[in-house]
Trainee: 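Input: one structure, supplied below.
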Protein chains: 4
Amino acid sequence: MNESQAALSLVTAEESAPRDARQELVDALAEGDLRFHQLPKEMSARRQAEVRRDALSKISGARLDSMGHYPFDDERVSRQNCENFLGAVQVPVGVIGPLRIRGEYVQDEELYVPLATTEGALVASTNRGCRALREAGGAVVRVDNVGITRAPVFRTSGVVETREFIQWLEVNTEEIRRRTEAGSRFLKLLDIRPQAMGTTVFLRFRFDSGDAMGMNMATIACDRVIEDFIEPQTGVECVSLSGNFCVDKKPSHVNFQEGRGKRLFAEVQLDKQILHKVLKTNARALVEVQYRKNLLGSIAAGSLGFNAHFANILAAFFLATGQDPAQVAESAVGVTTIEPRGPEGVIASVYLPDVPLAAVGGGTSLATQQEALALLGVQADSERPGHAVMRLAEILGASVLAGELSLLSALTSRDLARAHEKLGRSGAKS
Amino acid sequence: MNESQAALSLVTAEESAPRDARQELVDALAEGDLRFHQLPKEMSARRQAEVRRDALSKISGARLDSMGHYPFDDERVSRQNCENFLGAVQVPVGVIGPLRIRGEYVQDEELYVPLATTEGALVASTNRGCRALREAGGAVVRVDNVGITRAPVFRTSGVVETREFIQWLEVNTEEIRRRTEAGSRFLKLLDIRPQAMGTTVFLRFRFDSGDAMGMNMATIACDRVIEDFIEPQTGVECVSLSGNFCVDKKPSHVNFQEGRGKRLFAEVQLDKQILHKVLKTNARALVEVQYRKNLLGSIAAGSLGFNAHFANILAAFFLATGQDPAQVAESAVGVTTIEPRGPEGVIASVYLPDVPLAAVGGGTSLATQQEALALLGVQADSERPGHAVMRLAEILGASVLAGELSLLSALTSRDLARAHEKLGRSGAKS
Amino acid sequence: MNESQAALSLVTAEESAPRDARQELVDALAEGDLRFHQLPKEMSARRQAEVRRDALSKISGARLDSMGHYPFDDERVSRQNCENFLGAVQVPVGVIGPLRIRGEYVQDEELYVPLATTEGALVASTNRGCRALREAGGAVVRVDNVGITRAPVFRTSGVVETREFIQWLEVNTEEIRRRTEAGSRFLKLLDIRPQAMGTTVFLRFRFDSGDAMGMNMATIACDRVIEDFIEPQTGVECVSLSGNFCVDKKPSHVNFQEGRGKRLFAEVQLDKQILHKVLKTNARALVEVQYRKNLLGSIAAGSLGFNAHFANILAAFFLATGQDPAQVAESAVGVTTIEPRGPEGVIASVYLPDVPLAAVGGGTSLATQQEALALLGVQADSERPGHAVMRLAEILGASVLAGELSLLSALTSRDLARAHEKLGRSGAKS
Amino acid sequence: MNESQAALSLVTAEESAPRDARQELVDALAEGDLRFHQLPKEMSARRQAEVRRDALSKISGARLDSMGHYPFDDERVSRQNCENFLGAVQVPVGVIGPLRIRGEYVQDEELYVPLATTEGALVASTNRGCRALREAGGAVVRVDNVGITRAPVFRTSGVVETREFIQWLEVNTEEIRRRTEAGSRFLKLLDIRPQAMGTTVFLRFRFDSGDAMGMNMATIACDRVIEDFIEPQTGVECVSLSGNFCVDKKPSHVNFQEGRGKRLFAEVQLDKQILHKVLKTNARALVEVQYRKNLLGSIAAGSLGFNAHFANILAAFFLATGQDPAQVAESAVGVTTIEPRGPEGVIASVYLPDVPLAAVGGGTSLATQQEALALLGVQADSERPGHAVMRLAEILGASVLAGELSLLSALTSRDLARAHEKLGRSGAKS
């Protein structure tokens with residue numbers, strides 16, 4: 001009896017005598033007679049998850065009951081998001097706000113933003129940043145819709161064929177556009193950037209993908225046009241649909257330079273009062289920490305992150321709103337600036353060139369993540385594709401700015417504390 | 001009536017007439033009369049979360065019921081992990097395995113590994129990689145305990161003082177060690193690396209932190225020794241406790257070069273049979289994708305990630321086991337290698353120099369994350385500090401290797417498909 | 001008597017009594033009564049150089065006679081190329097070739113190439129590479145004329161003004177083109193790439209500059225259009241004509257990605273015989289050194305130079321042909337590839353994305369450098385601007401390829417030596 | 001008659017009838033019957049060079065007379081520095097100074113520094129920087145003798161052997177030291193840093209090499225210890241003596257982080273008067289150009305050169321003093337800083353972590369280069385190995401600082417010019 005027959009007989013048994021049948025499945029998994037993906041398809045996702053957890057408990061001695069609590073549609077999740085479904089992991093969510101934003105998609109609103117994190121003080125600190133932004137009239141935010149990229153890699157016989165290939169592409173761009181856009185009304189080809197060295201050619205396709213993050217749509221569209229058109233017409237072979245010149249989920253200079261997904265700019269001007277009262281700092285100290293830490297420190301480190309902790313806010317926001325947390329790997333690059341402005345005030349900004357985001361698809365469709373998006377007023381509207389995700393991006397930009405300001409201010413407090421002591425006001429946190 | 005008085009009067013009201021009092025709090029939050037962190041401290045975490053969710057629903061129109069489902073200890077979470085606590089976000093968990101590992105802390109065991117993800121196919125694909133590793137006798141894994149780093153930044157008057165400062169440090173290293181280690185028996189100072197330019201000096205402290213990730217312990221120890229000893233003795237001022245030469249949660253060359261947290265090596269030798277049967281590929285195709293994508297593609301992109309998708313496995317593993325997902329930003333750098341070995345076989349490896357990990361503290365103490373760690377047999381033992389986290393690191397290394405192998409193999413299938421067509425066997429996936 | 005009066009009186013003295021007057025000038029320089037740039041303008045360049053050398057000898061005790069030997073037009077040199085002119089430094093020149101090149105500007109010619117170097121073995125080794133290329137039918141070379149870039153940096157009040165500024169530029173590109181091109185018939189504006197963060201905007205102007213390297217022309221054109229048009233029209237202030245986003249004379253990812261000056265591709269296919277007979281190596285060994293050194297080694301080092309020694313050939317070629325040796329700093333980045341091809345053969349290539357070059361202007365007009373260019377058949381023709389420099393670029397590309405092949409082959413000889421010993425043929429260099 | 005016989009018969013002919021014989025050699029070269037390295041060894045270097053030039057003239061039609069002028073010892077040069085010797089290329093030399101330096105090897109001296117360049121204004125501009133330094137009391141300079149590095153690359157069977165190999169090295173470091181130091185009293189092994197990934201191991205040997213640049217000594221020492229000790233004892237094979245983790249002549253993060261050759265720090269404090277009178281600028285403008293260009297611009301560009309034009313001074317200084325101009329490729333990385341200091345003054349510094357330098361060997365032994373070194377008072381003394389080159393390094397550091405200050409100040413003049421116009425003083429350059 002092979003494995004699939006084993007599963008079949010077990011599920012048949014289950015129908016007649018559920019309790020025993022279930023235990024038999026558990027035993028079969030625990031003893032390795034059945035693999036975890038071989039549970040009978042007729043079984044509900046919830047039941048499968050229970051059987052898997054029981055088997056793992058039997059194997060490891062660990063109890064896995066807490067993972068069984070989840071409010072989402074596990075049939076869909078186990079089909080679309082997560083194979084060998086076991087249950088769910090829970091991440092606490094806190095709220096910051098009101099966060100006042102003056103963007104193009106969020107036009108002077110005050111919003112509450114959910115952050116999922118286990119790092120104590122992150123929510124409280126970012127919330128303090130929100131207060132500073134609010135008292136300053138809000139964060140001014142702008143977002144460029146750079147587009148999602150996918151760069152298949154091709155092999156040529158050498159430089160002569162490479163150049164012919166690139167010339168062919170230029171001539172045939174419109175046909176390639178027509179074909180890549182045929183599969184979805186939400187996918188628009190923006191451009192193709194070739195990059196060659198030796199016998200290797202990368203074609204970096206850049207797409208507008210509406211409210212979706214777009215990686216899957218882009219990959220499918222590339223696959224189709226390569227197989228049906230580029231390869232047959234040119235004879236140049238595609239070695240891999242992803243050639244790492246995309247660049248997905250890895251920090252890179254090409255994304256830093258050219259952007260990917262959304263490119264975020266958020267900025268605020270803070271006067272002496274706000275610096276003093278809300279952020280417990282002053283312009284001079286803040287500018288110095290920015291200079292020695294975010295600029296010189298990152299230069300000394302050879303880092304692509306000229307910022308204090310973009311990653312913290314990104315990860316917490318991504319988790320809460322159903323983004324792909326693996327994309328923190330690319331999104332955490334970028335630059336914070338703080339410059340003197342006005343009498344003892346500053347102008348501060350964050351620049352995040354590489355933030356893939358989605359308002360639909362992937363993790364955004366889960367129950368709790370849907371609630372987070374609803375709270376932000378982010379809801380895809382097929383009449384205005386892309387608007388929802390641009391709104392999301394503006395909110396994220398302002399949130400990251402709040403997080404930077406608060407942490408950088410906190411880092412100056414050593415300085416302030418010391419200054420106060422010298423002034424005989426020791427102990428009195430201003 | 002100021003804000004805290006408002007909260008007080010409301011909570012007093014709650015005691016006498018809970019239903020109405022609660023609604024009053026909801027209204028006060030919704031109308032901005034009360035801030036979200038100003039709920040009465042006497043209220044339970046669960047009740048506070050309900051009040052916040054209700055207020056946010058009132059403000060935004062969004063329902064936030066699903067966030068109210070969570071199995072963890074919300075009193076502790078709201079105190080230690082997440083302010084302005086609202087509830088939880090759920091991320092689906094799947095399981096891969098058995099994953100056979102031959103390390104120093106996992107000595108030839110077969111384990112089941114939970115991954116939390118919403119990316120369809122990730123669990124199934126990585127599971128295929130586990131099968132390949134298993135059939136090859138297991139992944140050989142080694143981990144270096146590099147240590148956690150924190151690099152405060154100092155300001156000197158110039159190069160002369162800088163050099164005196166660095167010389168003073170060398171002379172006083174033992175005293176600094178004594179002081180930094182005084183706060184915790186689990187913190188050991190490994191070394192201090194100075195880096196100077198202009199009037200700026202970074203001191204990169206490197207610590208062994210036992211089973212904790214260690215960032216907080218390290219920061220506190222640095223703060224104390226700077227304030228009590230370094231500054232008073234040298235007169236050189238610390239501008240910021242973190243100088244971005246640490247480097248925490250940002251991709252960087254200094255971490256790539258020197259490592260941070262744990263440095264992971266995992267490797268396996270795969271023969272022709274396993275490549276063909278399990279991974280549906282062959283040595284030549286796999287080596288070529290590795291070469292053109294992971295090496296040349298990442299070179300072309302100026303990326304620090306010479307790998308296919310470390311970030312995916314890292315993020316899913318981090319979430320499942322309670323690690324800090326923001327540290328995906330630094331951990332996703334590293335190098336995959338695949339080279340021909342034996343007749344039509346390969347030797348494949350992954351190298352991750354910068355992976356902060358914890359077996360205790362932070363998100364590891366949540367209910368579902370505790371279950372995940374228990375499933376892996378990862379349990380801190382104060383008699384053997386650091387062993388649990390080294391075990392966790394070995395499991396992660398093997399998991400990442402499984403993920404790389406499977407995705408890279410999948411990327412070769414275009415090639416295989418085409419080869420099959422040429423051989424007249426189109427449609428038959430080998 | 002101020003300094004210029006002092007010089008005047010001295011030169012007057014010289015006219016009447018040359019010998020003494022000259023000594024007086026020497027003494028005045030030596031004693032600091034006169035600065036080295038204050039010699040009388042009426043004096044010939046040669047005489048000024050003598051006086052300066054004599055004064056320096058008097059000051060330092062060093063003799064500087066050899067510097068007095070030079071065959072170039074010192075009047076012009078002291079006016080155009082080198083202030084406080086002392087004489088010349090001599091760098092030995094050797095010749096390699098015949099170097100067979102199959103390009104678009106060098107259409108299957110065999111050329112002799114001068115290299116100026118003091119590094120023993122460099123000429124001999126590169127010459128061996130030429131022989132390999134020759135026996136393989138020549139190096140196939142292609143060059144992209146990327147153009148020279150200059151990126152002034154501007155200050156705006158913030159993100160809103162930044163975006164207006166960039167939009168204004170897009171609308172006014174044609175007028176900017178007209179104005180930048182007005183100063184020289186050899187300067188063509190190719191495009192302007194804006195890059196913004198915070199209150200800072202870089203505009204990366206890219207120009208075709210004919211046969212000149214173009215940096216000066218580009219800078220002057222930018223200065224004019226900024227002062228006359230961009231600043232008055234927009235009110236946005238230019239902080240510096242060079243904003244380091246150009247990037248001139250510094251290694252950078254933006255140049256690696258986008259190219260600068262000329263982008264060079266050179267390639268050759270080498271069969272087993274050539275590898276064995278000329279390069280004393282074999283395909284397997286060569287591919288392995290390429291892999292472990294040029295790829296993995298440079299990855300480990302975080303280097304932008306994925307090559308063995310581009311810089312050596314670049315520096316020697318730049319010196320011989322009057323290029324700016326400071327631009328070695330940017331030109332030495334790039335990628336060598338070597339892949340198996342045919343039975344025990346290889347295909348090898350070099351890729352240099354960032355090579356500013358000139359056939360006219362700067363050091364190309366000196367006597368010896370002119371001879372070197374004449375030897376290469378590189379002569380600017382105003383009827384075909386840019387052709388001469390493209391020819392030069394092709395010759396450089398082939399030279400670099402020759403240098404890479406020979407050194408990489410030499411590095412494999414350890415391996416070969418060992419292999420021979422094992423085969424009992426020790427001592428016999430194959 | 002083979003090629004060497006041909007040469008022999010020709011040289012025999014030359015002895016009896018020099019004129020004709022010479023012409024026969026010329027013809028043989030021109031017609032390809034003889035290769036350029038096959039001239040009779042009995043011929044003088046000068047005569048060989050003439051023959052080669054004549055042959056090249058015949059081939060190309062170009063005259064090469066100017067290359068025949070050189071004052072150096074061509075017998076030695078053609079044997080040690082440059083094969084296929086043709087003659088020399090001349091580069092004009094100018095002088096800057098007096099440059100006041102307050103270092104450890106140059107203890108408050110005023111020096112004149114030769115720079116070889118064809119870039120008009122470079123000498124004059126750097127000279128202005130010298131004046132600023134002089135008026136400020138001199139540049140404070142410090143140099144770390146990091147040491148020269150060479151990193152051979154090894155192949156192991158995998159991670160287990162790699163770790164055994166590295167452990168073996170640690171145990172055997174003293175024996176390796178003994179062996180590497182045996183060949184020269186000037187070579188001291190400082191340390192060995194291993195770096196591993198997959199089956200590849202780099203060993204970065206770091207040496208003190210006295211007054212020599214040291215690359216050759218280091219390579220020979222590595223070769224010997226590998227062949228005689230490391231390989232036989234461990235069975236681990238060295239694939240290439242250079243594994244690009246050295247890193248020689250390529251810009252890299254490992255050198256930026258750890259240094260190579262000499263690490264230079266130079267600094268000066270400039271008051272308002274000097275900024276105004278000498279540099280025609282002011283503190284605010286200078287700090288802003290530094291910030292937007294050297295910091296933000298280089299960040300935007302992904303550059304390793306956070307400076308204005310290190311490469312210009314490096315190249316000119318390297319050429320004048322006989323350094324290897326190919327090493328500009330690595331030396332041009334580093335950081336300039338300018339910060340406000342005192343009333344409207346600044347403190348400025350340069351940091352160059354990666355500058356290989358020599359006071360003996362290579363190009364330093366040529367006639368004109370010797371003169372340049374003598375002018376600087378740089379003369380190797382075997383009783384104090386390394387002192388001469390440290391002196392040279394300090395002079396270079398101060399020169400680079402002078403160059404940076406002057407160019408950065410010039411870049412601010414747009415701003416000043418404009419300010420003056422606004423103040424109604426247009427035309428009057430302050």
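Because the structure is a prediction, the values reported are computed rather than measured. Letters A, B, ... are given to chains in the order of the sequence lines, protein chains preceding strands, and every chain is numbered from 1.
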Trainee: May I ask you to decide if Ala62(D)'s main-chain N or O and Glu371(C)'s side chain share a donor-acceptor pair within less than 3.5 Å?
Mentor: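 Flag not set: sc Glu371(C) to bb Ala62(D) has no pair under 3.5 Å.
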Trainee: Taking all non-hydrogen atoms of both residues into account, name the closest pair between Thr368(D) and Met67(C) and its distance.
Mentor: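 Taking Thr368(D) first and Met67(C) second, the nearest heavy atoms are O-CE, 3.6 Å.
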Trainee: Side chain, backbone, both or neither: which part of Leu122(D) has a non-hydrogen atom closer than 4.5 Å to chain C?
Mentor: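 Backbone of Leu122(D) only, per the 4.5 Å heavy-atom cut-off to chain C.
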Trainee: Could you give the distance from CG (Asn127(C)) to NE2 (His37(D)), rounded to the nearest 0.5 Å?
Mentor: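 Between Asn127(C) CG and His37(D) NE2, I get 6.5 Å after rounding to 0.5 Å.
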Trainee: Do you know which of Ala329(D), Ser60(D), Pro92(D), Ala311(D) has the most heavy-atom pairs under 4.5 Å to chain C?
Mentor: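 Answer, by heavy-atom pair count under 4.5 Å with chain C: Pro92(D).
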Trainee: Nearest heavy-atom pair of Asn84(C) and Val95(D): which atoms, and what distance?
Mentor: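 Looking at all heavy atoms of both residues, the shortest contact is ND2-O, 2.8 Å.
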Trainee: Pick one of side chain, backbone, both or neither for Val289(C), based on which atoms fall under 4.5 Å of a heavy atom in chain D.
Mentor: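 Both parts, backbone and side chain.
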Trainee: Hey, which of Gln257(D), Gln195(D), Glu83(D), His253(D) has the most heavy atom pairs under 4.5 Å with chain C?
Mentor: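 Greatest number of close heavy-atom pairs with chain C: Glu83(D).
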Trainee: Write down the atom of Cys82(C), the atom of Leu115(D), and the distance for their closest heavy-atom approach.
Mentor: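 For Cys82(C) and Leu115(D), the tightest heavy-atom pair comes out as SG-O, 4.5 Å.
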Trainee: Which heavy atom of Arg292(D) sits nearest to which heavy atom of Phe154(C), and what is that distance?
Mentor: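 That would be CD-O, 4.5 Å.
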Trainee: I want to check something: taking the side chain as every heavy atom from C-beta on, are Thr117(D) and Asn81(C) in contact at a cut-off of under 4.5 Å?
Mentor: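 No, side chains not in contact.
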Trainee: Would you mind checking which part of Val77(D) comes under 4.5 Å of any heavy atom in chain C, side chain (CB onward), backbone (N, CA, C, O), both or neither?
Mentor: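 Looking at Val77(D), just its side chain touches chain C.
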Trainee: Test your reading of the model: is there a side-chain donor-acceptor pair from Lys250(D) to the backbone of Gly334(C), 3.5 Å cut-off?
Mentor: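 Such a contact is absent between Lys250(D) side chain and Gly334(C) backbone.
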Trainee: Check each atom of Asn216(D) against the heavy atoms of chain C and say whether the ones under 4.5 Å are side chain, backbone, both or neither.
Mentor: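 No part of it gets close to chain C.
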Trainee: Could you pull out the closest heavy-atom pair between Pro325(C) and Leu319(D), with the gap in Å?
Mentor: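 Answer, listing the atom of Pro325(C) first, then Leu319(D): CG-CD1, 3.9 Å.
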Trainee: Relative to chain C, which segment of Ile59(D) carries a heavy atom at a distance below 4.5 Å: side chain, backbone, both, or neither?
Mentor: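 It is the side chain, since no backbone atom gets that close.
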Trainee: For a 4.5 angstrom cut-off between non-hydrogen side-chain atoms, does Arg35(C) reach Pro98(D)?
Mentor: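 Yes, their side chains come closer than 4.5 Å.
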Trainee: Of all the heavy-atom pairs spanning Val333(D) and Pro251(C), show the shortest one and how long it is.
Mentor: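 It is CG1-CG, 4.0 Å.
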Trainee: Name the region of Tyr70(D), side chain, backbone, both or neither, that has any atom closer than 4.5 Å to a heavy atom of chain C.
Mentor: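 Looking at Tyr70(D), backbone and side chain both touch chain C.
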Trainee: Is the backbone N or O of Phe72(D) less than 3.5 Å from a side-chain atom of Gln90(C), with the two atoms forming a donor-acceptor pair by type?
Mentor: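 No, the answer is negative, given that no donor and acceptor are paired below the 3.5 Å cut-off.
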Trainee: Compile the donor-acceptor pairs under 3.5 Å between side chains in residues 295-302 of chain D and protein atoms, sequence neighbours left out, one pair per line.
Mentor:
| unit_1 | atom_1 | unit_2 | atom_2 | d |
| --- | --- | --- | --- | --- |
| Ser298(D) | OG | Asn244(C) | ND2 | 2.9 |
| Ser298(D) | OG | Asn294(D) | O | 3.3 |
| Ser298(D) | OG | Gly305(D) | O | 2.9 |

Trainee: Report the C-alpha separation of Asn312(C) and Lys249(D) in whole Å, then their side-chain angles, then the decisive distance to 0.1 Å, and conclude whether the side chain to side chain donor-acceptor pair (under 3.5 Å) test is met.
Mentor: CA-CA 8 Å; Asn312(C) 273 330; Lys249(D) 302 182 180 175; 2.7 Å; yes
Trainee: Checking heavy atoms, do the side chain of Val153(D), its backbone, both or neither come under 4.5 Å from chain C?
Mentor: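 Looking at Val153(D), just its side chain touches chain C.
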Trainee: Under 4.5 Å heavy-atom distance to chain C, tell me which part of Asp74(D) shows up: side chain, backbone, both or neither.
Mentor: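 Contact with chain C involves no heavy atom of Asp74(D) at all.
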Trainee: For Arg134(D), check salt bridge (Lys or Arg N to Asp or Glu O under 4.0 Å) against everything at least two apart and list the hits.
Mentor: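 For Arg134(D) there are no salt bridge (Lys or Arg N to Asp or Glu O under 4.0 Å) partners, ignoring immediate neighbours.
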Trainee: Go through the atoms of Ala410(D) and report whether side chain, backbone, both or neither lie under 4.5 Å from a heavy atom of chain C.
Mentor: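 Contact with chain C is absent: no heavy atom of Ala410(D) under 4.5 Å.
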